[in-house]
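Below: one structure, written as structure tokens.
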Amino acid sequence: MGSTSPSDGTASPARRPAARVLVVSDSAALGHDSRAHRVARAAAAAGYDVTLVGRADDSPPPALPGVTVRRVEVPGTLAGHRAARPRPGLRWPLAYRSAETHRHRTARLAVRDRTLRTREAELAVRYRPLSRQAVARAIHAAARLGHAVRGAWTRLRAAQYEAAVRRRVTPTGALDDVVTAFVRLTARRRAWRRLDPSLLDLEAAYGPVLDACRPHLIHARGRRSLGVAVRAAVRAEAAGRTVRVIWDATDCSALTPALTRRAAAARESDERAHAEEADAIVTACAAYGDHLAARLQPARPPLVVLNAPAHADTPAHAHASAPAARARSAASAVRATASAARVTASAGATASAGATASVRAASSASATASARAVTAARATSSARATASARVPAGTVGPAVVPTVAACGGVRAACGLGPDVPLLVHSGGVAPERGLLTAVEALPKLYDLHAAFVVPDPGDERVRDLVDRAGELGVAARLHVLPYTTPEDVPAFLASADIGVVPVHHLPHHEVTLATRYLEYAHARLPVVVSDVRAMAAATLATGNGEVFRAADTADFVRAVGAVLTNLPRYRRAYERSGVLRQWCWQTQAAPLLALYAGLLDEIGHRA
């Protein structure tokens with residue numbers, strides 16, 4: 001419908017509503033999906049009508065300016081059925097047929113045991129005539145015998161049920177491989193439906209939401225979201241609407257072989273069924289982009305967009321007021337660790353070009369005896385930037401520095417003064433992340449504290465690290481903190497001295513710059529990284545830290561000591577090299593927004 005121009009009386013077309021963009025995330029915790037947040041904020045700043053869709057969890061929904069956030073419950077009914085009702089077969093013929101029956105029988109056994117113990121105590125303390133006492137004890141003995149038989153039977157069936165569940169959850173047997181091969185052969189592109197029912201749970205939960213939003217473009221974060229987006233686009237096409245789909249293939253762990261053949265077959269089938277339907281592919285790693293281009297041969301080459309924080313001209317270090325005192329304290333700490341003999345070793349294979357560095361390892365046998373305690377995690381990041389200026393494509397501008405840095409960040413959360421040396425690791429705690437190396441180095445790094453900022457401080461793997469620190473007598477120097485909001489991470493980490501990335505050698509670790517590495521850079525933290533190719537090469541080229549041999553505690557100690565003795569030098573490397581203006585979201589988002597504009601132009605929509 002037209003509107004009349006007051007100047008010449010001619011009719012001009014009404015302004016078309018902004019194109020609707022959906023960012024779909026399958027992260028277990030939407031509040032921690034930093035890439036989804038950055039993509040949604042960038043699209044909203046570019047003028048699109050943006051909705052972020054993700055799983056509902058216990059955390060409060062993220063507050064993103066200009067973005068509608070929709071959290072969806074994903075019950076996991078289909079995926080849970082496989083584990084809850086295993087098929088015992090010939091191997092476990094006595095297993096309970098359902099989780100409910102297993103829980104009921106084991107609970108009833110436990111209650112019966114407590115009842116009999118109470119009856120036995122009653123017979124021991126209450127007086128009865130000898131004849132009645134003898135009869136009561138005989139009846140009780142018969143009940144105990146019956147309970148023992150019933151208990152043995154229940155435990156046998158429960159053990160078989162638990163074994164069947166373990167096999168269903170981790171199908172590694174020869175028969176499982178045969179079944180997987182049969183499903184792949186018969187179902188082919190649809191094999192993922194049988195091999196990974198959790199993808200159908202996602203479709204049941206997300207599908208109606210995507211249809212109701214009527215998007216023009218769907219940005220699917222991760223492979224698991226891709227199928228949901230592709231099927232929504234097909235339904236929209238049948239309804240007379242055209243929807244463009246972008247696959248954000250940032251999970252470089254696909255380069256690492258799956259744990260089971262079933263998982264590998266499900267992943268391959270799902271990707272083969274949906275990847276070629278995507279209109280464009282975006283990834284955070286050039287090597288993974290090349291891998292996808294070789295396998296899928298898409299019409300457009302994959303676009304590499306690093307998951308980097310926004311650039312801020314002022315890092316707002318909470319410790320910047322006393323750099324000389326911090327350097328003197330760090331130097332004295334390293335001298336204390338070097339009381340034993342110095343050892344020289346090679347850092348070997350740290351860069352993709354084969355660069356080597358001469359390294360010195362210093363170790364000490366002294367360990368501090370302290371009470372086993374872990375500093376309580378404190379949430380420190382309630383304040384965030386309320387807005388940021390729009391940045392034209394291809395330019396870099398400073399973002400608003402979150403005010404969390406003014407509260408002291410990670411250092412204040414640990415309850416540490418400005419002169420206490422502190423290293424930090426931000427991210428998950430899977431064994432391949434190498435955090436055990438950092439824990440075992442603490443006894444040899446006198447007075448150094450370590451802060452692990454993790455998604456779930458109550459995780460069993462976190463407790464294992466805390467237990468190991470207790471065995472080494474350094475539990476008081478290990479601090480476990482919860483995540484802060486993604487946009488606050490650099491400011492939160494800035495009060496530490498060193499950021500560590502001690503990952504082990506795995507294919508996906510070798511080829512990518514981890515998000516936490518980029519967050520350390522924007523916090524202006526010197527880094528200590530293992531000798532995985534991409535991050536080691538970047539560190540050697542930038543001069544912002546030291547490289548050590550992965551899983552080598554002594555070499556980790558050497559690298560941390562080298563950084564602590566000259567913190568200002570490693571920090572200056574960021575300003576000297578200018579990498580922060582390349583490793584920043586303003587620069588990385590520009591080609592992504594250009595891709596959005598190109599795809600939407602094809603279907604006649606603009607911001």
Side-chain angles (χ1 to χ4, degrees), residues 17-27 30 33 35-56 62 64 66-72 74 192 199-251 270-271 273-284 292 296 298-300 302-303 305 307 589 591-607:
R20 292 183 293 274
V21 172
L22 251 64
V23 181
V24 182
S25 168
D26 185 36
S27 174
L30 179 61
D33 191 344
R35 189 172 179 92
H37 291 198
R38 289 172 183 138
V39 168
R41 288 169 68 103
Y48 296 107
D49 179 3
V50 181
T51 301
L52 174 60
V53 180
R55 287 175 180 260
L64 304 175
V67 177
T68 302
V69 178
R70 297 193 61 173
R71 301 198 298 172
V72 182
V74 184
W192 58 272
L199 295 171
L200 297 176
D201 285 321
L202 203 64
E203 171 66 26
Y206 280 25
V209 177
L210 268 62
D211 293 344
C213 289
R214 298 173 62 87
H216 301 111
L217 184 145
I218 303 176
H219 185 117
R221 278 277 296 113
R223 173 188 59 82
R224 299 174 61 82
S225 299
L226 175 62
V228 176
V230 167
R231 289 186 289 274
V234 171
R235 292 191 296 271
E237 185 177 0
R241 294 181 290 110
T242 302
V243 177
R244 295 302 189 210
V245 175
I246 294 178
W247 177 27
D248 198 343
T250 53
D251 186 11
D270 182 33
E271 186 176 293
H274 302 119
E276 65 182 22
E277 302 298 328
D279 296 287
I281 300 175
V282 176
T283 183
L292 292 174
L296 306 175
R300 293 179 174 88
L303 176 66
V305 178
N307 186 25
L592 178 63
L593 294 177
L595 176 62
Y596 278 20
L599 290 175
L600 290 169
D601 277 346
E602 293 175 2
I603 59 175
H605 286 281
R606 297 178 182 272

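Predicted, not measured: the structure shown is a model, and the values here were computed from it. Excluded from the calculations below are hydrogen atoms, water molecules and symmetry mates; all remaining heavy atoms, backbone and side chain alike, are included.
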* Asked: Who passes salt bridge (charged side-chain N to carboxylate O under 4.0 Å, His left out) against Glu271, sequence neighbours left out?
  ->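 Counting only residues at least two positions away or on another chain, Glu271 forms a salt bridge (charged side-chain N to carboxylate O under 4.0 Å, His left out) with Arg295.
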* To do: Mind checking salt bridge (charged side-chain N to carboxylate O under 4.0 Å, His left out) for Arg20 and listing every partner two or more places apart, or none if nothing turns up?
  =>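 Partners of Arg20 under the salt bridge (charged side-chain N to carboxylate O under 4.0 Å, His left out) test: none.
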* Does the salt bridge (charged side-chain N to carboxylate O under 4.0 Å, His left out) test come out yes or no for Arg235 and Glu203, once each step is laid out? -> CA-CA 13 Å; Arg235 292 191 296 271; Glu203 171 66 26; 3.2 Å; yes
* Sort out for me which residue in Leu22, Leu592, Leu52 forms a side chain to side chain contact (heavy atoms under 4.5 Å, CB included) with His219. => Leu592
What I'd like to find out is whether the side chain of [X] reaches to under 4.5 Å of the side chain of [Y], using heavy atoms alone.
{"X": "Val228", "Y": "Leu210", "answer": "yes"}
{"X": "Arg55", "Y": "Leu202", "answer": "yes"}
{"X": "Val67", "Y": "Val23", "answer": "no"}
{"X": "Val243", "Y": "Leu217", "answer": "no"}
{"X": "Val69", "Y": "Pro62", "answer": "yes"}

* His274 and Asp270: side chain to side chain donor-acceptor pair (under 3.5 Å), yes or no, with the steps? -> CA-CA 6 Å; His274 302 119; Asp270 182 33; 2.7 Å; yes
* **Audit row: Leu199, Arg223, side chain to side chain contact (heavy atoms under 4.5 Å, CB included) steps and yes/no** => CA-CA 10 Å; Leu199 295 171; Arg223 173 188 59 82; 4.2 Å; yes
* Residues that Leu595 engages under side-chain contact (heavy atoms from CB on, under 4.5 Å), provided they are two or more places apart ->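 Listed in chain order: Ile246, Ala280, Val282, Arg300, Leu303, Leu599.
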* To do: Compare every heavy atom of Asp49 with every heavy atom of Ala18, then report the nearest pair and how far apart it is.
  =>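 Minimum heavy-atom contact is CB-N, 4.0 Å.
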* Asked: Is it true that the side chains of Ser225 and Asp26 contain a donor and an acceptor less than 3.5 Å apart?
  ->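 No, no side-chain donor-acceptor contact under 3.5 Å.
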